[in-house]
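Let me begin by presenting the structure, written as structure tokens, before commenting on it.
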Amino acid sequence: MTEHELDEILTHRWPLVVRRVMADGSDEWLNGFVRSIAKHGKRPAWRPSDKQWQIMRRLVSELGTAPDRTMELIER
């Protein structure tokens with residue numbers, strides 16, 4: 001993982017992952033994990049462990065790029 005990859009994920013993709021996980025709300029461990037990464041990611045010297053990085057990449061690939069299915073049309 002490069003510095004650029006981490007910055008890209010935390011800045012652009014992770015907020016979307018957090019919103020989708022929190023909206024689902026069914027997995028308490030996952031809710032805690034995404035909030036923890038968001039909190040720690042604000043510290044300049046923080047780097048995820050290998051296990052955290054693997055989970056982050058999986059979540060970004062599953063949730064960070066998929067279209068939002070809960071979007072509602074303004075007009076019907």
Side-chain angles (χ1 to χ4, degrees):
M1 163 192 51
T2 66
E3 188 77 25
H4 180 70
E5 285 177 309
L6 182 59
D7 286 344
E8 171 76 21
I9 287 174
L10 290 175
T11 303
H12 300 289
R13 308 241 186 258
W14 202 250
L16 180 60
V17 171
V18 172
R19 283 193 296 273
R20 290 191 177 170
V21 168
M22 299 305 282
D24 180 33
S26 62
D27 187 341
E28 287 184 39
W29 182 88
L30 192 55
N31 288 346
F33 178 80
V34 297
R35 283 192 310 235
S36 173
I37 296 299
K39 178 182 172 186
H40 291 301
K42 294 177 183 177
R43 297 191 332 230
W46 178 80
R47 299 292 170 264
S49 69
D50 289 338
K51 188 172 183 176
Q52 287 172 323
W53 180 241
Q54 290 172 357
I55 295 169
M56 288 172 67
R57 288 186 72 167
R58 181 178 55 85
L59 289 172
V60 166
S61 69
E62 292 174 1
L63 302 172
T65 56
D68 190 2
R69 293 181 185 104
T70 61
M71 189 167 51
E72 229 179 280
L73 295 176
I74 295 173
E75 296 179 17
R76 290 180 185 236

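For clarity, every value in this text was computed on a predicted model and none was experimentally measured.
- Between W46 and M56, the shortest heavy-atom distance links the atoms CH2-SD, 4.5 Å.
- Every pair tested for ring pair (Phe, Tyr, Trp, His ring centres under 6.0 Å) that includes a residue from residues 7-27 fails, sequence neighbours excluded, so the list is empty.
- Listed by chain and number, the residues in a side-chain contact (heavy atoms from CB on, under 4.5 Å) with K51 are S49, I55 (sequence neighbours excluded).
- Here the CG atom belonging to L6 is positioned 5.5 Å from the CZ atom belonging to R47, to the nearest 0.5 angstrom.
- Residue pairs meeting the salt bridge (Lys or Arg N to Asp or Glu O under 4.0 Å) criterion with at least one member in residues 52-61, sequence neighbours excluded: R58-E62.
- Identified under the salt bridge (Lys or Arg N to Asp or Glu O under 4.0 Å) test for residues 27-46, with sequence neighbours left out: none.
- Shown here are the side-chain contact (heavy atoms from CB on, under 4.5 Å) partners of R19, two or more places apart in sequence or in another chain: P15, L16.
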Requested in this report: Report the C-alpha distance between L59 and F33 in whole Å, list the side-chain angles of each, state the deciding distance to 0.1 Å, and finish with yes or no for side chain to side chain contact (heavy atoms under 4.5 Å, CB included).
Outcome: CA-CA 11 Å; L59 289 172; F33 178 80; 4.0 Å; yes
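- Under the side-chain contact (heavy atoms from CB on, under 4.5 Å) criterion, D7 pairs with E3, sequence neighbours left out.
- Under the rule for a side chain to side chain donor-acceptor pair (under 3.5 Å), the partners of S26 that lie at least two apart in sequence or sit in another chain are D24.
- No donor-acceptor distance shorter than 3.5 angstrom exists from the side chain of R13 to the backbone of V60, with no hydrogens or angles considered.
- Residue H4 holds its NE2 atom at 10.0 Å from CD1 of I9, rounded to the nearest 0.5 Å.
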